Amino acid sequence: MPDLIEQLETEVLVDHGTFDLIDDSGDQHAAPDPASWLHAGRNMITVVSASTRHHVAAVTVEAWSAEPPPADGWGDPEEAKVLLDSGWLEINPLVDAEDADDITVGEAGAYRVRAYVTGRAELLASTPPPDVELRGVERYLLQFWPE
C-alpha cells in the first residue's frame with residue numbers, strides 16, 4: 001500500500017495560460033505535447049490552463065512512496081515521466097510574482113506524475129469584469145511517485 005509522504009496546498013498565478021513546477025538543480029526542459037495539458041521532461045513540468053486569462057489556480061502537490069490509487073472527485077487525468085536532479089520542486093508562475101512554494105517529492109531520479117484538474121469549463125465560461133481576479137476556479141492535483 002503506497003504512503004503519502006508529503007503534501008503541499010497552495011495557489012499559483014496562471015499567466016499566459018501556464019505555470020511550472022521546476023527543479024532548479026539542473027537544466028530544465030518540458031517536452032510539449034499538443035494533445036495534453038501536462039508537459040514533462042527534465043527538471044520541469046508545465047501545466048497548461050484552459051484559459052490564457054490571468055487567474056489564480058488552487059494547486060495540491062503530493063509525494064507518494066509508490067503509485068497512489070486514483071483520486072476521487074477529480075477529472076481529466078494526465079500522466080507523464082519527469083527526471084529530477086534533486087527531487088525538490090518549486091511551483092512557479094511564468095512571470096515574477098511572490099515567492100514560490102516548494103515541496104520535496106523524494107531523492108533525485110525518475111518519477112511519474114499524475115495530474116488532475118477541475119474547473120476548466122467554469123473558468124472558460126466565466127466573464128467577470130477585467131478588474132476582478134479569478135481565484136480558485138481552476139484546481140489541480142499533482143501526484144508524484146518514484147518510477
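Computed from a predicted model, the values in this text were never measured in an experiment. Below, each value reflects all heavy atoms present in this structure, side chains not excepted, and no hydrogens, waters or symmetry copies.
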Inset, instruction - With side chain to side chain contact (heavy atoms under 4.5 Å, CB included) as the test, would you mind laying out the steps for Trp37 and Val47 before giving the verdict? - result: CA-CA 6 Å; Trp37 54 266; Val47 177; 4.0 Å; yes

Inset, instruction - Go through the structure and list residues passing side-chain contact (heavy atoms from CB on, under 4.5 Å) with Arg139, not counting sequence neighbours. - result: Ala58, Trp74, Thr118

Interatomic spacing from [atom1] in [X] to [atom2] in [Y] - rounded to 0.5 Å:
| X | Y | atom1 | atom2 | result |
| --- | --- | --- | --- | --- |
| Asn43 | Asp20 | CG | CG | 12.0 Å |
| Tyr140 | Glu11 | OH | CD | 13.5 Å |
| Arg135 | His55 | CZ | NE2 | 11.0 Å |
| Ile91 | Ile103 | CD1 | CD1 | 7.0 Å |
| Ser25 | Leu89 | OG | CG | 9.5 Å |
| Ser49 | Arg120 | OG | CZ | 6.0 Å |

Where [X] and [Y] come nearest, the two heavy atoms and their spacing:
| X | Y | result |
| --- | --- | --- |
| Ser65 | Pro146 | O-CD, 3.6 Å |
| Lys81 | Ala110 | CE-CB, 3.9 Å |
| Asp102 | Trp88 | OD1-NE1, 3.1 Å |
| Glu78 | Ala35 | OE2-O, 4.5 Å |
| Ser51 | Arg53 | OG-N, 3.0 Å |
| Gly17 | Val14 | C-CG1, 3.8 Å |

Legend entry - Fellow cluster residues of Val137, listed by chain then number, with links counted only when side-chain atoms sit under 4.5 Å apart: Leu123, Leu134

Legend entry - Residues that, via side-chain heavy atoms closer than 4.5 angstrom, fall in one hydrophobic cluster with Leu4: Trp64, Trp145

Inset, instruction - Would you mind listing every salt bridge (Lys or Arg N to Asp or Glu O under 4.0 Å) that reaches into residues 23-43, with sequence neighbours excluded? - result: Arg42-Asp85

Legend entry - Pairs involving residues 64-74, ordered by first then second residue, that meet salt bridge (Lys or Arg N to Asp or Glu O under 4.0 Å) (sequence neighbours left out): Glu67-Arg114

Inset, instruction - Report, as yes or no, whether the 6.0 Å neighbourhood of atom CD on Glu107 holds more than 12 heavy atoms from other residues, nucleotides or ligands. - result: no

Legend entry - side chain to side chain contact (heavy atoms under 4.5 Å, CB included) evaluation trace for Ile45 with Phe144: CA-CA 11 Å; Ile45 298 101; Phe144 290 83; 3.8 Å; yes

Legend entry - Sidechain-backbone polar pair: Tyr111 side chain, Leu84 backbone, donor-acceptor under 3.5 Å: no

Inset, instruction - Kindly write out the residues that satisfy side-chain hydrogen bond (donor to acceptor under 3.5 Å, both in side chains) with Glu9, not counting sequence neighbours, or none if the list is empty. - result: none

Legend entry - Candidate pair Val12 and Thr10, rule side chain to side chain contact (heavy atoms under 4.5 Å, CB included), full reasoning: CA-CA 7 Å; Val12 66; Thr10 189; 5.7 Å; no

